[in-house]
Amino acid sequence: MSEAFSGAALRLAALAAAYLRWTPRIFWNATPSELTASLAPPLPGETPPSRAEIAALIERDSHG
């Protein structure tokens, strides 16, 4: 294992442990894309539905 890889792996393992509460087993079993996706900031999404929109959905779906 190269020094560059081992240093990066150690820093990423520390991040995963601190922010994701991952154990070493989870870290080493994760793929690089899983780690990247888990540490990435959340994507901006749509605004959540209003109470009125939720009520309308419940009403619409309660009749089968």
Side-chain angles (χ1 to χ4, degrees):
M1 184 174 357
S2 73
E3 281 188 44
F5 174 79
S6 62
L10 184 59
R11 284 189 300 280
L12 289 171
L15 277 173
Y19 294 106
L20 304 174
R21 306 280 190 230
W22 283 8
T23 62
R25 177 190 283 185
I26 294 171
F27 173 79
W28 288 110
N29 284 315
T31 65
S33 6
E34 289 170 331
L35 180 61
T36 300
S38 298
L39 290 173
L43 297 173
E46 296 179 17
T47 57
S50 67
R51 289 181 187 261
E53 291 169 320
I54 293 171
L57 289 171
I58 291 170
E59 178 64 26
R60 183 194 73 191
D61 293 339
S62 67
H63 299 295

Which atom pairs, one a donor and one an acceptor, fall under 3.5 Å between side chains of residues 30-44 and the rest of the protein, sequence neighbours left out?
unit_1 : atom_1 : unit_2 : atom_2 : d
T31    : OG1    : E34    : N      : 3.1
T31    : OG1    : E34    : OE1    : 3.4
E34    : OE1    : T31    : N      : 2.8
T36    : OG1    : P32    : O      : 2.9
S38    : OG     : E34    : O      : 2.8

Show me the donor-acceptor pairs, under 3.5 Å and distance only, between side chains in residues 17-25 and residues at least two apart or in other chains.
unit_1 : atom_1 : unit_2 : atom_2 : d
R21    : NH1    : A18    : O      : 3.3
T23    : OG1    : I26    : N      : 3.3

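Between A9 and W28, the closest heavy-atom pair is CB-CH2, 3.9 Å.
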